Amino acid sequence: MPEFIPLISEQEIHEQIQKTGQRISIDYKTKDLVLVGILKGSFIFLADLSRRITIDHEIDLIGASSYHGTTSTGNLVFTKKPDLNLENRDVLLVEDIVDTGQTLIKIIESIISLNPRSIKICALIDKHERRNVKIDVDYSCFSLEKGFIVGYGLDYNEKYRNLPAIYDLKL
Ligand code: IMP
Ligand code: MG
């Protein structure tokens, strides 16, 4: 049976999202903000973050997947493209967790081809150990060295996204 070791509580998650939402509201006050959530892992974070942003903004979703189990397969498959026209807009990509950074690099390339005015990254978790590309996470709620975590949108083989807090998964 997998073991779930509590790592980040529901309350800590909500406090950090509140702070991040405030920062984004200030930084994008005079901009044309579009939050672009990366499916599926960001869906809960996106919903909570959006409600903590106090300036007008629009929301879109993009689908990309490279994981099976706890390891990346390396092949990124786009399962959904943005619906909104992102040209000259200020895009903030919303991701659950940045691990190697491979997924984001490819997504950034594809968004750049749509000619946004700016593109930045907001991640719930910035996980460092396996980063192998140069990526600046502009807004991150939590920083983690290593491990495989589940809950609050993050899955293991599509399960445990519904857990309200974040757990370290020991298989
Ligand atoms: P990257 O391309 O290696 O940065 O992988 C990013 C994606 O892998 C994330 O969007 C997650 O979907 C998944 N991922 C990476 N680490 C974890 C984890 O600890 N738990 C659950 N999913 C993870
Ligand atoms: Mg993801």
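Residue indices begin at 1 and follow the sequence shown. None of the values given here were measured: they were computed from a predicted structure. Both ligands and their constituent atoms are indexed starting at 1 by order of listing.
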Test side-chain contact (heavy atoms from CB on, under 4.5 Å) applied to Tyr152 and Ile125, step by step: CA-CA 11 Å; Tyr152 197 76; Ile125 296 176; over 6 Å; no
Would the distance check show the side chain of Ser113 and the main-chain N or O of Ser110 forming a donor-acceptor pair, the cut-off being under 3.5 Å? yes
Is it the case that the side chain of Asp60 and the backbone of Leu84 share a donor-acceptor pair, with hydrogens and angles ignored and the cut-off at 3.5 Å? yes
Ligand 1 atoms in contact with [X] (distance to a heavy atom under 4.0 Å):
X	value
Gly147	19 (O)
Ile149	18 (C), 19 (O), 20 (N), 21 (C)
Thr100	1 (P), 2 (O), 3 (O), 4 (O)
Lys127	16 (N), 17 (C), 18 (C), 19 (O)

For Arg52, does the CZ atom sit with more than 12 other heavy atoms under 6.0 Å from it, leaving out its own atoms? no
Can you establish whether the number of heavy atoms outside Asp56 located under 6.0 Å from its atom CG is more than 12?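 For Asp56, atom CG is not crowded (no more than 12 foreign heavy atoms under 6.0 Å).
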Only counting residues at least two apart or in another chain, list the ones meeting side chain to side chain contact (heavy atoms under 4.5 Å, CB included) with Asn88.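 Asn88 satisfies side chain to side chain contact (heavy atoms under 4.5 Å, CB included) with no residue once adjacent residues are dropped.
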Polar contact flag for Val98 and ligand 1 (N/O pairs, less than 3.5 Å):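 No, Val98 has no N/O under 3.5 Å of an N/O on ligand 1.
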Counting both backbone and side chain atoms, is some N or O of Leu154 under 3.5 Å from an N or O of ligand 1?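 It does not: no N or O of Leu154 is found under 3.5 Å from an N or O of ligand 1.
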Could you tell me whether ligand 1 has any atom less than 4.0 Å away from a heavy atom of Val150? no
Under a heavy-atom criterion of less than 4.0 Å, does Gly101 contact ligand 1? yes
Using the ring centroid of each side chain, check whether Phe4 and Tyr160 are separated by less than 6.0 Å. yes
Where does [X] meet ligand 1, judged by heavy-atom distances below 4.0 Å: at the side chain, the backbone, both, or neither?
X	result
Arg130	neither
Leu104	neither
Thr103	both

Identify each donor-acceptor pair in which a side-chain atom of residues 141-151 lies under 3.5 Å from a protein atom, sequence neighbours left out, and give them as a table.
residue: Ser143; atom: OG; partner: His128; partner atom: NE2; Å: 2.8

